[in-house]
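Worth knowing before you read on, the calculation uses all heavy atoms, side chains too, and leaves out hydrogens, waters and symmetry mates. Lettering follows sequence order; numbering is per chain, from 1.
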Protein chains: 2
Amino acid sequence: MEISSTEENYLKAIYALQSSGDKPGVSTSSLSEHLNNKAASVTDMLKRLSDKKLIHYKKYKAVSLTKQGEKLAIAIVRKHRLWEVFLMEKLNFKWDEVHDMAEQLEHIKSDELIERLDAFLGQPKYDPHGDPIPNAKGVLPKPKTSALSNIQNKGHYIFVGVNEHHVDFLRHLTSIGLKIGDQIKIEEHNSYDGSYLIRINKKPGQYISHKVASNLLIEMKS
Amino acid sequence: MEISSTEENYLKAIYALQSSGDKPGVSTSSLSEHLNNKAASVTDMLKRLSDKKLIHYKKYKAVSLTKQGEKLAIAIVRKHRLWEVFLMEKLNFKWDEVHDMAEQLEHIKSDELIERLDAFLGQPKYDPHGDPIPNAKGVLPKPKTSALSNIQNKGHYIFVGVNEHHVDFLRHLTSIGLKIGDQIKIEEHNSYDGSYLIRINKKPGQYISHKVASNLLIEMKS
DNA sequence: AAATAAATTTAGGCTGGTCTAAAAATGATT
DNA sequence: AATCATTTTTAGACCAGCCTAAATTTATTT
């Protein structure tokens, strides 16, 4: 069965929203927003995806991926992240530059290609944003711990990934001098607005809003 | 101006047919055949490309590329061939396996990507089939000499490229043990059917039809 | 429980890219 | 030069994927 790039993008979006949200299923409107499409267009596509047995769809109800749909979605995520590794490690792109290219490359159709690329890159487990890369069978390595915003305790941590990939956010991190692998010391947590005062690699204190903190993935300093 | 992958394929086809044929301009029917489309569909697209000033089109007349159209066509050829180099040199694909993947990769939109890929590959001048790779300005290095079928003299040559990229042809070469860089000694030329008796790397004599010979690019042994 | 608001779907329309069938133009043959 | 064959274009249709506007369903208020 032929799957178009557009359909792949819908599957990917459903998968992403499903994993990020708490409740099961994804609404038409959230897809509409995520894909910058009108809700009516989304409904159209949901019907097509349902016909192809890639999603579970009942009128007016939230949708979810079938086994087959999830398999495809994970394959796309795998491709996206492997290409990002390629772009950064081999072609020296910066982390805020790779997303658009990877969005295109993820739709290249060839299983053999992606397996060889994986081998060429040394079978990486995480992409340059710290996101886990599913293996060829679709199994994800466990994510690199939790968001900074889940932690109130002062202490030392390592910045290992991000939850948000918008260019503006990544640029902001660059501007405050934060990059993957940096040490983060939590010096203060303001519980009324969720903001933090942290030190990055022992440098002078840096203020971090709750919003930013919720998108920073950290792990305990081991 | 947005150019779709489909439009790019038409430009590439016009460019290819133009360079291979002798007379100026390309006919609707040859495009139709080359692209496996019906002539009516081609006419439709020719109008669109003409509206976008990418081709010179007059009803019932052969078409040709404008400056702009040729620039784009050459850029696509550049991308195709660079990706082929990547697939063979970095991912170890065989030369009869890369075409379909390169057909997809050539449509990835990012000038920066292709320049970095070029640098990563060491700015190759020829792709693994011996075809010249246009540089970033669209200038092609001179082709690697002529077809075997143009030569009647016995003597020693080097096999440097092919004129034909169909999988069946490439497989045929593999089956007779011929690969880029091999020495070819012309032992006999039959002028009535254009066939050849050659030796490949000094191995026992090998019969080559005129058709095959016309698709083998060779240069003088230097 | 009725009224209102929000989310979702239907209906109908548009564009890109394809097709078939028929009409028109060009080229070849006598 | 008139006919016949071939090539090319037009006309009309279809599908994917999007849109707007209107109708319908579900959720929320009061």
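Here A:Lys79 does not pair with A:Glu103 in a salt bridge; the nearest charged N to carboxylate O distance is not below 4.0 Å. A salt bridge links B:Glu8 and B:Lys109; the closest N-O separation between the charged side-chain nitrogens and carboxylate oxygens is under 4.0 Å.
Base engagement by B:Thr43 is indicated by at least one non-hydrogen atom pair under 4.0 Å involving a base atom.
Taking A:His34 as the reference, nothing meets the ring pair (Phe, Tyr, Trp, His ring centres under 6.0 Å) condition, with sequence neighbours excluded. Residues passing the ring pair (Phe, Tyr, Trp, His ring centres under 6.0 Å) test with A:His107: none are found, sequence neighbours excluded. A search for ring pair (Phe, Tyr, Trp, His ring centres under 6.0 Å) contacts involving B:His189 returns B:Tyr196, not counting sequence neighbours.
Rounded to an integer number of Å, the gap from A:Lys47 NZ to D:dC18 C1' is 14 Å. One can place CG of A:Asn9 at 14 Å from C1' of D:dC18, the figure rounded to the nearest angstrom. If you take CG of A:Leu35 and C1' of D:dC19, they are 15 Å apart, rounded to a whole angstrom. Here the P atom of nucleotide D:dG17 and the CG atom of A:Leu31 are 15 Å apart, to the nearest Å.
At C:dA7, none of the side-chain N or O atoms of A:Ser27 fall inside 4.0 Å of OP1 or OP2 (strictly under the cut-off). Within the structure, a side-chain polar atom (N or O) of B:Thr28 is placed less than 4.0 Å from OP1 or OP2 of D:dT9.
In the helix from C:dA1-D:dT30 to C:dT30-D:dA1, the end axes, each obtained as the rotation axis mapping the C1' atoms of four pairs onto the next four within a five-pair block, lie 10° apart to the nearest 10 degrees.
Of the candidates A:Lys12, A:Arg78, A:Arg81, A:Lys12 is the only one forming a salt bridge (Lys or Arg N to Asp or Glu O under 4.0 Å) with A:Glu106.
Judged by distance alone, the side chains of B:His166 and B:Asp96 never bring a donor and an acceptor atom under 3.5 Å apart.
Geometrically, B:Lys90 engages B:Phe120 in a cation-pi contact defined by less than 6.0 Å to the ring centre and at most 45° from the axis.
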Q. Along nucleotides 14-19 of chain C, 5' to 3', which nucleotides get a B, which get an S, and which get a -, given that the test is a protein heavy-atom distance under 4.0 Å?
A. ---BBB
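Against DNA chain D, the stretch residues 55-64 of chain B makes heavy-atom approaches under 4.0 Å through B:Tyr57, B:Lys59, B:Tyr60.
Ring geometry for B:Trp95 versus B:His129: interplanar angle under 30°, hence parallel rather than tilted (30 to 60°).
Aromatic rings from A:Phe86 and B:Phe86 are positioned such that their centres are separated by under 6.0 Å. Between B:His80 and B:His99, the ring centre distance stays below 6.0 Å.
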